[in-house]
Student: 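Below you will find the structure I want to go over with you.
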Amino acid sequence: MQNIKFSIIVPVYNISEYIERCVKSIFMQAYKNIEMILVNDGSTDESGEILEKLEKENPECIKVVRQENRGAGAARNHGVRHATGDFFMFVDGDDYLLPGCIPRLYDCLNKKQYDIVLFNLFTAKEKGRINTVQEINGKMRGEQFPGKNKTLLRIPTLPVCKLYRREWYLNNQIQFPEKIIYEDVPIVPFAISRAGRIFILDEAFYVYIQRKGSTMHRKPDKKCLDIIASIRYLIELFEEAGEYERYRDEIENIVIHTAFFQVLENINMSDYKSIFQEILVDSIQGIFPGILENVFLTEPEKQRLRLLLDRSFKEYYYKYGFRKKLRNWIREHLPCTLYYWLCLSKRTKRSLEKTYEIT
């Protein structure tokens, strides 16, 4: 019995090389009460033609939505407005799902009603070869109540690997900011804060492609400063809900890990002389002047953050950025099998052995 309808929303922008693999992975789910909302965000390559072909071949389960290029946030908002499922999730069009994803989510929902269900992901090279697992939800497992456990807000702000109950989502008027990158940073913690009950699966079903040119692997430019607008939107959401003071420490910690340890660190690895580092530090310090005293910071994190706040960008590069750059190079150039044996735990290897690839 497949009495729960799932909507899978896929933002698409110039990913003609990958989108058919993504759609194929959804078709391979052993659960058929699924609709796909493919949102063409003004693509200028062959993505639009591919989407039209897929919709024509599968009109019963694929709906193509078109918009001018307004970014992933607008595409996700547009997709949600067209979704009709009981639950929905976002899948980036260059990524893909493993076959057991939707059946496992259905099993979870068939027992209890949850506002959000979270799960883990695998990372993979551009051609789709899995090379490592990411336990993005840390050590948290099973049923959780955000109202009683504020640390849930510190779950990484990826928009994927999360299933949302559509009625609850719409009632809370959750909307991604549009025309900026890092649009997921404010939405994930805010959504978790509004949830009554969530469930965290200790399994990985999503394959995240580490692709050059994607938001997390882009060369530093002015768009990197969109993280500032994203943080202001995050604060605004919590202030309007009357919850900012309650969650201030958690919000500050989110800012540290996204603005400093992700965005600024990526800029630093690319060019430790970049002026964007200084602009970013000045802006965040202006919003959070006492950020170094955040209650969740470990001592190693404080040392790392202190270098950035002191504008010691060259020292930061040689102490942290270069090592991360080297690890990324090894991951990119080593054969997957060798990287797999070098880096993965026994538990991860067992997980990978249960999966197979989609080509």
Side-chain angles (χ1 to χ4, degrees), residues 9-19 39-45 47 67-79 90-95 123 126 156-160 175-190 208-237 251 254-288 291 308-309 311 313 316-317 320-321 324-325 328 332:
I9 299 165
V10 185
V12 177
Y13 179 71
N14 289 355
I15 48 169
S16 57
E17 186 180 345
Y18 308 98
I19 185 59
V39 186
N40 183 2
D41 183 33
S43 295
T44 56
D45 67 353
S47 297
Q67 66 177 38
E68 293 181 0
N69 179 237
R70 303 206 313 273
R76 292 193 181 99
N77 292 338
H78 206 164
F90 301 112
V91 176
D92 287 343
D94 48 354
D95 300 334
T123 59
E126 281 201 50
T157 61
L158 292 171
V160 299
Q175 289 271 320
F176 284 86
E178 301 187 1
K179 297 184 179 180
I180 64 170
I181 59 175
Y182 312 118
E183 74 289 337
D184 48 329
V185 171
I187 295 306
V188 172
F190 181 70
Y208 169 70
I209 305 299
Q210 296 178 311
R211 182 172 65 89
K212 291 176 181 177
S214 65
T215 299
M216 293 311 297
H217 298 90
R218 63 186 293 126
K219 292 286 185 183
D221 59 22
K222 192 165 65 173
K223 287 297 286 179
C224 292
L225 300 180
D226 281 0
I227 189 63
I228 300 167
S230 182
I231 288 165
R232 292 190 186 281
Y233 189 76
L234 169 66
I235 294 168
E236 182 183 315
L237 285 174
I251 291 168
I254 290 165
V255 170
I256 291 167
H257 284 272
T258 55
F260 286 108
F261 295 162
Q262 288 181 25
V263 178
L264 200 154
E265 189 169 277
N266 285 342
I267 296 171
N268 182 270
M269 285 194 300
S270 181
D271 177 12
Y272 65 77
K273 297 178 182 178
S274 172
I275 189 64
F276 297 128
Q277 297 172 108
E278 189 105 24
I279 296 170
L280 191 51
V281 172
D282 287 345
S283 299
I284 302 303
Q285 272 196 308
I287 302 169
F288 298 100
I291 199 166
L308 295 174
L309 296 177
R311 282 70 169 171
F313 301 128
Y316 188 92
Y317 174 78
Y320 301 103
K324 186 175 179 180
K325 202 172 183 178
N328 290 346
E332 185 177 343

Student: Can you check whether T44's main-chain N or O pairs, donor with acceptor, with N14's side chain at less than 3.5 Å?
Tutor: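 Yes, the answer is positive, given that a donor and an acceptor are paired below the 3.5 Å cut-off.
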
Student: Rounded to the nearest 0.5 Å, what separates atom OH in Y208 from atom CG in D92?
Tutor: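 Rounded to the nearest 0.5 Å, the OH-CG separation comes to 8.0 Å.
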
Student: Quick one: CZ on F176 to OH on Y233, what's the gap to the nearest 0.5 Å?
Tutor: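 Output value for this atom pair is 9.5 Å.
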
Student: Does this structure show an ion pair linking R76 with D41, if we count only N-O contacts that are shorter than 4.0 Å?
Tutor: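 A salt bridge is absent here (no side-chain N lies under 4.0 Å from a carboxylate O).
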
Student: Taking all non-hydrogen atoms of both residues into account, name the closest pair between K223 and K179 and its distance.
Tutor: NZ-O, 3.4 Å

Student: Search all heavy atoms of Q277 against all heavy atoms of D271 and return the closest pair with its distance.
Tutor: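 Minimum heavy-atom separation between Q277 and D271: NE2-O, 3.7 Å.
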
Student: Judged by atom type as modelled, is there a donor-acceptor pair below 3.5 Å linking the side chain of D226 to the main-chain atoms of I180?
Tutor: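 Not confirmed, D226 side chain does not pair with I180 backbone.
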
Student: Show the nearest heavy-atom pair for residues I231 and A259, with the distance to one decimal.
Tutor: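 The answer is CD1-CB, 3.8 Å.
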
Student: Quick check against the 3.5 Å criterion: does D45 have a side-chain atom that pairs as donor or acceptor with the backbone of S16?
Tutor: yes

Student: Evaluate the side-chain proximity of R311 to D282: yes if any heavy-atom separation is below 4.5 Å, no if none is.
Tutor: yes

Student: When V255 is tested against each of V185, I227, I284 for side-chain contact (heavy atoms from CB on, under 4.5 Å), which residue passes?
Tutor: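 Checked V185, I227, I284 against V255; only one passes side-chain contact (heavy atoms from CB on, under 4.5 Å): I284.
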
Student: Taking the side chain as C-beta and beyond, is there a heavy-atom pair between I228 and L280 under 4.5 Å?
Tutor: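 In contact.
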
Student: So which heavy atom on Y182 is nearest to which on S230, and how close?
Tutor: O-OG, 2.7 Å

Student: Do you know which of R70, Q67, E178 makes side chain to side chain donor-acceptor pair (under 3.5 Å) with H78?
Tutor: Q67

Student: Could you pull out the closest heavy-atom pair between I15 and D94, with the gap in Å?
Tutor: CD1-N, 3.7 Å

Student: Answer whether the closest heavy-atom distance between the side chains of P189 and I251 falls below 4.5 Å.
Tutor: no

Student: What heavy-atom pair brings L308 and V281 nearest, and what distance separates the two atoms?
Tutor: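 Here L308 and V281 meet closest at O-CG2, 3.7 Å.
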
Student: How are the rings of Y317 and Y272 set to each other: parallel, tilted or perpendicular (split at 30° and 60°)?
Tutor: tilted

Student: For F288 and I235: C-alpha separation, side-chain torsions, deciding distance, then whether side chain to side chain contact (heavy atoms under 4.5 Å, CB included) applies.
Tutor: CA-CA 11 Å; F288 298 100; I235 294 168; 3.9 Å; yes

Student: Between CZ of F276 and NZ of K222, what distance do you get to the nearest 0.5 Å?
Tutor: 8.0 Å

Student: Is there a side-chain contact between F313 and E278 (heavy atoms, below 4.5 Å)?
Tutor: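 The answer is yes, as the side chains (C-beta and beyond) meet within the 4.5 Å cut-off.
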
Student: To the closest 0.5 Å, what do you measure between CD1 (I279) and CG (L264)?
Tutor: 11.0 Å

Student: Under the 3.5 angstrom rule, does the side chain of N266 hit a backbone N or O of Q262 as a donor-acceptor pair?
Tutor: yes

Student: Would you say V160 and D184 make side-chain contact, with heavy atoms under 4.5 Å?
Tutor: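 Not in contact.
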
Student: I'd like to know if the side chain of T258 reaches the main chain of I254, judged simply by a donor and an acceptor atom lying under 3.5 Å from each other, with no hydrogens or angles considered.
Tutor: yes

Student: Do the rings of H257 and F261 sit parallel, tilted or perpendicular, given the 30° and 60° boundaries?
Tutor: perpendicular

Student: Just wondering, do P159 and I187 contact through their side chains at under 4.5 Å, heavy atoms?
Tutor: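 Not in contact.
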
Student: Report the distance from atom OH of Y18 to atom OG of S47, rounding to the nearest 0.5 Å.
Tutor: 11.0 Å

